[in-house]
Amino acid sequence: MDLPCLHGWRLTGREAVALQRELAEKVVLADGLPRPVRTVAGVDVSYERNGDSFFAAVVVLELPDFKLIEEASATGRMSFPYVPGLLSFRELPVVLDAFSALRTVPDAVLVDGQGIAHPRRFGIACHLGLWTGLPTVGCAKSRLCGSHLPPAPHKGDWVPLLLDGEAVGAVLTSRRGVRPLYISPGHRTDLPSALRLVQSCLGSYRLPEPTRLAHLLSNRLRLQARN
DNA sequence: GCGACAG
DNA sequence: ATCTTGTCGC
């Protein structure tokens, strides 16, 4: 994919916040997913322990059998600290590099982090969606903001995630007895379609297959980069 | 002022 | 995110 480059971002936290407020207005929260969704990408980033380098991995799977279509990766250097609410400014540069190495254009992307379940409604899934133009869904392992009741402990059960009285996401039990996942639309998806997509990607693990495999790949890259 | 806080 | 062995439980 041809994508704009984000290296060269030299923003202060305050500038990043202002940029998020601007970009949040460009996010499209209407369902733009094809029916049926055939290919789903998953993306994840792995960090080097001491160092300043990290590894991004993207995998593209075919539904409904999770057949691996393509994988791509990239490595980069940290240029922005981890600040809750500003994750995309840290991870997006290397993530976009991985996407530019991809030949397949997936129908949708599952991102490891929040979508609009974010203080300024602009989590990393929104940012990635805006930059790639692809439908994206945020699929985080823990909560950034918002409140909710505990979902029932059975696979597929969920409760709304409320922020300022608005349902910005869903708290989903992805597998029996595990901590729930925080699902929210990123770009070109709405909550029902985002939730349906994640549910169609659930296998036998807590994480949906696309992000689970991307996590494995980025981890593998980091470990073999040591030797 | 005090907690909360994706990865 | 990452550092870490065994261990308790479905």
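Naming: A, B, ... by sequence-line order, numbering from 1 per chain.
- Under a 3.5 Å cut-off, the side chain of A:Ser73 and the backbone N or O of A:Ala56 do not form any donor-acceptor pair.
- The interatomic distance linking A:Phe55 (CZ) with B:dG7 (C1') rounds to 16 Å, in whole Å.
- Judged by distance alone, the side chains of A:Tyr82 and A:Glu91 never bring a donor and an acceptor atom under 3.5 Å apart.
- No engagement by A:Arg175 is indicated, since no non-hydrogen atom pair under 4.0 Å with the nucleic acid exists.
- Atoms CD (A:Glu91) and C1' (C:dT2) sit 13 Å apart, rounded to a whole Å.
- The aromatic ring of A:Tyr182 does not stack onto the base of B:dA6, failing the criterion of a centre distance under 5.5 Å from the six-membered base ring together with planes under 30° apart.
- The phosphate of C:dT2 has OP1 or OP2 within less than 4.0 Å of a side-chain N or O from A:Ser46.
- In this model, the phosphate group of B:dG7 is not approached by any side-chain N or O of A:Arg90 to a distance below 4.0 Å at OP1 or OP2.
- With rounding to whole Å, A:Arg143 atom CZ is found 11 Å from B:dG3 atom C1'.
- In this structure, A:Tyr47 atom OH and C:dT2 atom P are separated by 9 Å, rounded to whole Å.
- OP1 or OP2 of C:dA1 has not a single side-chain nitrogen or oxygen of A:Asn219 nearer than 4.0 Å.
- In this entry the distance linking CG of A:Leu223 with C1' of C:dT4 reads 14 Å, nearest Å.
- Heavy atoms of A:Leu181 sit nowhere under 4.0 angstrom from any nucleic acid atom.
- Looking at which nucleotide of DNA chain C each of A:His215 and A:Arg176 is closest to, the 5′-most match is held by A:His215.
- Among the heavy atoms of the strands, none lies under 4.0 Å from A:Gly177.
- As rounded to whole Å, 13 Å separates atom P of B:dA6 from atom CZ of A:Arg206.
- The CG-P distance, from A:Leu207 to C:dA1, rounds to 9 Å in whole Å.
- By the 4.0 Å N-to-carboxylate-O rule, A:Arg121 lies close enough to A:Glu166 to be salt-bridged with it.
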Check against side chain to side chain donor-acceptor pair (under 3.5 Å), A:Ser53 and A:Glu48: CA-CA 6 Å; A:Ser53 56; A:Glu48 188 55 68; 4.8 Å; no

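- Residues A:Glu209 and A:Tyr205 have side chains in contact (heavy-atom distance under 4.5 Å, counting atoms from C-beta outward).
- Atom pair A:Lys141:NZ and B:dC5:C1' shows a separation of 15 Å (rounding to whole Å applied).
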